[in-house]
J.: 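Supplied in structure tokens, the structure appears directly below.
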Amino acid sequence: MVLFELIHPAPLTEKVQSRQGNVYLYRAMWLIGWIPPKEGLLRYVYLFWTCVPFAFGVFYLPVGFIISYVQEFKNFTPGEFLTSLQVCINVYGASVKSTITYIFLWRLRKTEMLLDALDKRLDSDSDREKIHNMVARCNYAFLIYSFIYCGYAGSTFLSYALSGRPPWSVYNPFVNWRDGLGSLWIQAIFEYITMSFAVLQDQLSDTYPLMFTIQFRAHMDILKDHVRNLRMNPERSEADNYQDLVNCVMDHKMILRCCDMIRPMISRTIFVQFALIGSVLGLTLVNVFFFSNFWKGVASLLFVITILLQTFPFCYTCNLLIDDAQELANTIFQSNWVDAEPRYRATLVHFMHHVQQPIIFIAGGIFPISMNSNISVAKFAFSIITIVRQMNLAEQFQ
């Protein structure tokens, strides 16, 4: 299908840029109203559409949940309350993350311009093949996120609506779902549309860090190949070899500039997610273990998967990026430099010294973004389950 052609690597005869790894990401941003036309009447019409998802997903949902708890708390069953509460907490985090992402979208564009400069350094079919594979991998990953996030929203909507309850019990001043079957479905569909805005905004703020770090890693892999090939062509002069080394140094600096450009965005959005993941995951697992039937359990398990996808793949990629820096330093040391001229060796030592400083992202200036940090904050979920078990809270609420 033409719609999904980008999940397959393009042939090497076709020119592909790193920024094409974000095609599906930007299509979703356009759909949600984040990329307006630059001029014309359509720009103002589109800006109105931009306000609609923000009004419902960022402002209405957080307030609607709180009003619902104040007015309807006594009517909640434990399972319904946990289903609503776990999403409510995540909605507050998603509102903050999506707002941060939207404000800093210009950083993604600047980062792509730096990646364009790196693309000009592709000088072999092997280099181009890595970029082609990376572009397909990024777009494929975004589609997987889309299916899982949309699957959660759809399964929750159907499992609750078919059982005669609204999916998330969000306050609606115009419809009382208890007035009849028609009112129930109007409320359920309204909640589904509203939640879909929030889910897509959350997906965008969760996927851009993964997309761009995958692209950074691809260029690190290409740089390692370029380092391995230094001084391996006997037909090149020492001046040419030195220029090749300087080009490698400049490529590494360009990758660091890419990381620095996107770092403020990642620091803020991942910090918000780190602050919430333990409590959201814990409440969801309590709901699955103690209060869900089969279909509601399926919806809750899909929600667990979405929560894990918000941080774990990106944290794993950050670990790989740290390893890439160490591998690059080893590759520099093992390159063909022993009989090089003094100027070349001095530059190589300087290069290796800088490469040994790993590329690390810090969440909120506090947590290094890595698998260890992610596991540490996620462990709070098991603390919640332990408290519920030891105090028999599930039996008391049933």
Side-chain angles (χ1 to χ4, degrees), residues 24-25 27-29 31-32 53 56-58 60-62 64-65 68 77 79-98 101 140-163 165-170 185 187-210 269 272-273 276-314 374 378 381 384:
Y24 291 164
L25 174 71
R27 286 178 182 175
M29 288 183 178
L31 181 64
I32 204 68
F56 285 99
V58 175
Y60 169 74
L61 273 180
F65 275 114
S68 179
T77 66
E80 291 168 355
F81 179 69
L82 286 176
T83 299
S84 178
L85 182 61
Q86 70 198 24
V87 177
C88 174
I89 296 173
N90 199 57
V91 159
Y92 273 88
S95 299
V96 176
K97 290 190 301 179
S98 57
T101 305
Y140 189 70
F142 187 84
L143 278 186
I144 292 176
Y145 271 78
S146 299
F147 291 142
I148 294 176
Y149 278 53
C150 293
Y152 156 70
S155 60
T156 303
F157 163 69
L158 290 175
S159 62
Y160 275 84
L162 293 176
S163 64
R165 306 285 294 191
W168 295 279
S169 301
V170 182
W185 278 97
Q187 170 73 9
I189 293 172
F190 172 75
E191 287 189 7
Y192 174 70
I193 294 173
T194 305
M195 188 59 67
S196 294
F197 289 145
V199 167
L200 182 53
Q201 289 170 336
D202 195 28
Q203 179 188 340
L204 295 174
S205 59
D206 292 336
T207 50
Y208 83 83
L210 180 62
T269 54
V272 173
Q273 191 57 38
L276 299 177
I277 183 174
S279 57
V280 174
L281 195 57
L283 290 171
T284 307
L285 292 176
V286 168
N287 191 14
V288 171
F289 292 150
F290 301 109
F291 300 108
S292 294
N293 59 27
F294 176 76
W295 291 111
K296 293 177 180 177
V298 170
S300 293
L301 285 175
L302 281 174
F303 186 68
V304 169
I305 295 174
T306 63
I307 295 300
L308 296 177
L309 284 176
Q310 288 178 345
T311 52
F312 273 88
F314 173 62
N374 201 4
I384 294 176

J.: Please list, chain by chain and in numerical order, all residues satisfying side-chain hydrogen bond (donor to acceptor under 3.5 Å, both in side chains) with Tyr145, sequence neighbours excluded.
T.: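 Applying side-chain hydrogen bond (donor to acceptor under 3.5 Å, both in side chains) to Tyr145 gives none.
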J.: Side-chain contact test, heavy atoms from C-beta onward, threshold under 4.5 Å: evaluate it for Pro167 versus Met195 and give yes or no.
T.: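 A side-chain contact under 4.5 Å is absent here.
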J.: For Gln203, which residues count as a side-chain hydrogen bond (donor to acceptor under 3.5 Å, both in side chains) partner, sequence neighbours excluded?
T.: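 Scan of Gln203 (side-chain hydrogen bond (donor to acceptor under 3.5 Å, both in side chains), adjacent residues dropped) gives Ser146.
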J.: Identify the heavy atoms of Ser95 and Val58 that sit nearest to each other, and give their distance.
T.: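 It is OG-O, 3.3 Å.
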J.: Would you compute the distance between atom CG of Leu210 and atom CZ of Phe312 and round it to the nearest 0.5 angstrom?
T.: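 Between atom CG of Leu210 and atom CZ of Phe312 there are 14.0 Å.
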J.: Please enumerate all residues that pass side chain to side chain contact (heavy atoms under 4.5 Å, CB included) together with Ile144, with sequence neighbours excluded.
T.: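 Ile144 satisfies side chain to side chain contact (heavy atoms under 4.5 Å, CB included) with Tyr140, Ile148 once adjacent residues are dropped.
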J.: Check Trp168 against Ala153 and note the closest heavy-atom contact, atom names and distance.
T.: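 Looking at all heavy atoms of both residues, the shortest contact is CH2-O, 3.7 Å.
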J.: Show the numbers, then the answer: is there a side chain to side chain contact (heavy atoms under 4.5 Å, CB included) between Ile305 and Tyr149?
T.: CA-CA 9 Å; Ile305 295 174; Tyr149 278 53; over 6 Å; no
J.: With a 4.5 Å heavy-atom cut-off, do Phe56 and Leu61 have their side chains touching?
T.: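 They are not in contact (no side-chain heavy atoms under 4.5 Å apart), so the answer is no.
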J.: Can you list everything that forms a ring pair (Phe, Tyr, Trp, His ring centres under 6.0 Å) with Tyr152? Sequence neighbours excluded, please.
T.: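 Per chain and number, Tyr152 pairs via ring pair (Phe, Tyr, Trp, His ring centres under 6.0 Å) with Phe303.
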J.: For Ser169, check side-chain hydrogen bond (donor to acceptor under 3.5 Å, both in side chains) against everything at least two apart and list the hits.
T.: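 Residues passing side-chain hydrogen bond (donor to acceptor under 3.5 Å, both in side chains) with Ser169: none at all.
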J.: With rounding to the nearest 0.5 angstrom, report the OG1 to CG distance, Thr269 to Leu204.
T.: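 Interatomic distance, Thr269 OG1 to Leu204 CG, rounded to 0.5 Å: 12.0 Å.
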J.: Report the C-alpha separation of Val96 and Gln273 in whole Å, then their side-chain angles, then the decisive distance to 0.1 Å, and conclude whether the side chain to side chain contact (heavy atoms under 4.5 Å, CB included) test is met.
T.: CA-CA 10 Å; Val96 176; Gln273 191 57 38; over 6 Å; no
J.: Would you confirm whether Glu191, through its side chain, and Val170, through its main-chain N or O, come within 3.5 Å as a donor-acceptor pair?
T.: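 Between the backbone of Val170 and the side chain of Glu191 there is a qualifying donor-acceptor contact (under 3.5 Å).
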J.: Can you name the side-chain hydrogen bond (donor to acceptor under 3.5 Å, both in side chains) partners of Ser205, sequence neighbours left out?
T.: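 side-chain hydrogen bond (donor to acceptor under 3.5 Å, both in side chains) list for Ser205, sorted by chain: empty.
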J.: Are Gln310 and Ile277 close enough that some pair of their side-chain heavy atoms sits under 4.5 Å apart?
T.: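 Side-chain contact under 4.5 Å: no.
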J.: Identify, with sequence neighbours excluded, every residue that meets side chain to side chain contact (heavy atoms under 4.5 Å, CB included) alongside Leu143.
T.: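 Leu143 satisfies side chain to side chain contact (heavy atoms under 4.5 Å, CB included) with Phe4, Ile7, Tyr24, Phe147 once adjacent residues are dropped.
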J.: Only pairs at least two apart or in different chains count here, so list each salt bridge (charged side-chain N to carboxylate O under 4.0 Å, His left out) that has a residue in residues 153-162.
T.: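 Applying salt bridge (charged side-chain N to carboxylate O under 4.0 Å, His left out) to every pair that reaches into residues 153-162, excluding sequence neighbours, yields nothing.
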J.: Tell me, please, which residues at least two apart from Tyr192 pass ring pair (Phe, Tyr, Trp, His ring centres under 6.0 Å).
T.: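 Testing Tyr192 for ring pair (Phe, Tyr, Trp, His ring centres under 6.0 Å), a comparison that skips the adjacent residues, returns Phe157.
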J.: Do Phe314 and Asn374 make a side-chain contact, defined as non-hydrogen atoms from C-beta onward lying under 4.5 Å apart?
T.: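 Not touching, per the 4.5 Å side-chain cut-off.
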J.: Can you list every salt bridge (charged side-chain N to carboxylate O under 4.0 Å, His left out) pair that touches residues 192-210, not counting sequence neighbours?
T.: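 Output for this query lists Lys97-Asp202, Lys97-Asp206.
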J.: Under the side chain to side chain contact (heavy atoms under 4.5 Å, CB included) test, which residues partner Leu276, sequence neighbours left out?
T.: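 Expected list: Ile89, Val272, Val280.
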J.: Using the test ring pair (Phe, Tyr, Trp, His ring centres under 6.0 Å), find all partners of Phe190 that sit at least two apart in sequence or belong to another chain.
T.: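 Listed in chain order: Tyr60.
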